[in-house]
Amino acid sequence: MAYFNNISNIKFEGASSTNPFAFKFYNPEEKINGKTMEEILRFGVAYWHTFTEDLSDPFGVGSAIRPWDKFQGMDLAKARVEAAFEFFEKLNVPYFCFHDVDIAPEGSTLSESNKNQDTIVAMIKEYMKDSKTKLLWNTVNNFTHPRFVHGAGSSNNADVFAYAAAKVKKGLEVGKELGAESYVFWGGREGYETLLNTDMKLEMDNLGRFFHMAKDYANEIGFDAQFLIEPKPKEPTTHQYDFDVASGFAFLQNYDLQDVFKFNIEANHATLAGHTFEHELRYARIHGMLGSVDANQGHPLLGWDTDEFPTDIYSTTLAMYEILKNDGGLGRGGLNFDAKVRRGSFEPEDLFHAHIAGMDSFAVGLKVAQKLIDDNVLDGLVEDRYKSFEDGIGLDIVNGNTDFHKLEEHALGLTEIKNESGKLERIKASINQYLLRAYAGE
Ligand code: XUL
Ligand code: CO
């Protein structure tokens with residue numbers, strides 16, 4: 001059965017196309033520095049926002065019109081799979097991502113939930129045989145159900161810890177069955193609401209144990225996906241244990257998990273943590289920990305996780321700059337649109353407009369970032385700014401050939417200290433120039 005009858009395959013038509021159902025900048029076959037855009041950007045569709053989301057918000061019920069919603073229960077789950085693969089093919093997207101509960105309804109027992117999943121996973125596997133779209137990552141939802149009210153791997157309740165582990169065990173089996181490239185842990189409830197009733201040390205220790213057991217089981221079944229942890233500072237908890245990349249990295253190092261995980265970095269989570277998207281990407285990149293990206297954006301005027309589709313080409317440019325500079329690019333990760341259409345954009349075709357907007361925005365970002373790198377626009381300036389560490393006392397500092405005595409001696413001998421301009425406005429003007437040149441097709 002078809003669900004998007006009025007929409008044909010989305011093709012690249014170029015910057016001057018007036019067809020709303022065409023890519024203006026994303027040309028999957030176009031090569032950038034020897035690799036196709038499709039290979040570099042590795043776009044993924046988030047099953048939850050695109051096929052399961054009803055667009056409700058804390059003040060209003062769902063508004064989404066979805067042709068598959070005439071079904072219920074397992075029939076609805078099956079209809080969503082049909083709709084999903086039609087959507088993937090029409091969008092020509094290489095990857096998708098899901099949580100266990102996105103694809104199949106939970107039963108009244110864990111075994112029933114697993115059985116429901118098995119049915120849908122078998123169906124997805126059949127569809128994947130005739131589709132180019134592969135599984136970027138899967139995960140399990142250990143946050144929505146009331147049993148996770150006090151957490152999952154960090155719950156005060158050992159039965160809940162076990163239940164959460166059983167769900168992840170199943171998730172790892174499903175990931176293996178469908179050939180997932182990566183496996184994600186987002187700790188929606190892995191944090192606390194108040195310290196007044198929380199044993200923070202035990203919760204964090206248990207979470208560390210939880211991750212080790214997950215990796216042991218993945219090894220046991222031969223599931224070699226890249227494990228990814230997705231930092232978020234808060235929401236739904238007041239404080240999450242993987243607040244941002246820096247604190248997540250400290251957590252991983254503390255529990256000897258730094259070689260097991262990389263980071264899945266979400267733009268809106270970065271801004272909730274008080275960072276820019278590119279800050280989080282840079283922090284992960286320079287520590288060899290950049291694994292994948294949840295591509296979205298927050299609203300500048302709202303302090304919550306709005307999960308908008310990414311359309312800010314300044315931000316996608318700076319993000320792609322970090323990704324291109326990352327050793328191996330996105331590796332086994334990708335750009336997963338963890339983004340939802342606005343509540344007012346409730347028609348099925350809005351799902352296409354949103355993805356086209358996101359894909360075009362990252363394609364622009366990719367092209368501009370590659371040019372910034374090719375023309376040495378930022379690197380040259382940065383290198384020049386740190387030239388004091390290339391010889392003399394600076395070289396002694398970076399080589400570890402000095403101490404406070406020698407540094408004091410150097411400082412006492414200085415007659416003047418000369419700083420140079422950081423040239424920020426000049427740099428910003430250059431970035432604007434490169435963006436506008438890309439727009440003009442130069
Ligand atoms: C929630 C969020 C999740 C994870 C997967 O803010 O980003 O959808 O990406 O559980
Ligand atoms: Co996410």
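Both backbone and side-chain heavy atoms feed into the values below; hydrogens, waters and symmetry mates do not. Remember, it's 1-based here, ligands and their atoms both numbered in the order they're listed. Just so you know, residue 1 is the first one in the sequence shown, and it goes up from there.
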Glu266, His49, His269, Lys340 screened by side-chain hydrogen bond (donor to acceptor under 3.5 Å, both in side chains) with Asn296, the one that passes: Glu266
The residue among Phe243, Phe261, Phe211 that forms side chain to side chain contact (heavy atoms under 4.5 Å, CB included) with Phe251 is Phe211
Nitrogen or oxygen of His269 less than 3.5 angstrom from that of ligand 1: yes
For Phe352, is the NZ or CZ atom of Lys90 found under 6.0 angstrom from the centre of its six-membered ring and inside 45 degrees of the ring axis? no
Over 60° means perpendicular and under 30° means parallel, so tell me whether His287 and Phe249 are parallel, tilted or perpendicular. tilted
When Phe263 is tested against each of Val245, Leu281, Val293 for side chain to side chain contact (heavy atoms under 4.5 Å, CB included), which residue passes? Val245
Which of the atoms of ligand 1 are close to Trp48, meaning less than 4.0 Å from one of its heavy atoms? 8 (O)
Close approach of Asp294 to ligand 1, heavy atoms, under 4.0 angstrom: yes
Looking at Lys215, I want to see if its NZ is surrounded by more than 12 non-hydrogen atoms of other residues, nucleotides or ligands under 6.0 Å. yes
Which of the atoms in ligand 1, numbered in the order shown and given with their element, are less than 4.0 Å from a heavy-atom of Lys232? 6 (O)
Among all protein non-hydrogen atoms, which one is nearest to atom 3 (C) of ligand 1, and what is the separation to 0.1 Å? Asp338 OD2, 3.6 Å
If we number the atoms of ligand 1 from 1 as shown, the ones under 4.0 Å from a heavy atom of Glu266 are 2 (C), 7 (O), 9 (O)
Which residue and heavy atom of the protein sit nearest atom 5 (C) of ligand 1, plus the separation: His99 NE2, 3.2 Å
Listed as residue and atom, the protein N/O/S atoms under 2.8 Å from the Co ion (ligand 2) are Glu230 OE2, Glu266 OE1, Asp294 OD2, Asp338 OD2
Using a 6.0 Å cut-off, check whether atom CG of Asn197 has over 12 heavy atoms from anything other than its own residue. yes
Report, in ascending order of atom number, the atoms of ligand 1 lying under 4.0 Å from any heavy atom of Asp305. 6 (O)
Taking the six-membered ring for Trp, are Phe148 and His145 parallel (under 30°), tilted (30 to 60°) or perpendicular (over 60°)? perpendicular
Should the ring pair Trp137 and His99 be called parallel, tilted or perpendicular, given that the plane angle runs from 0 to 90° and is split at 30 and 60? perpendicular
Please say whether more than 12 non-hydrogen atoms of neighbouring residues, nucleotides or ligands are located less than 6.0 Å from NZ in Lys31. no
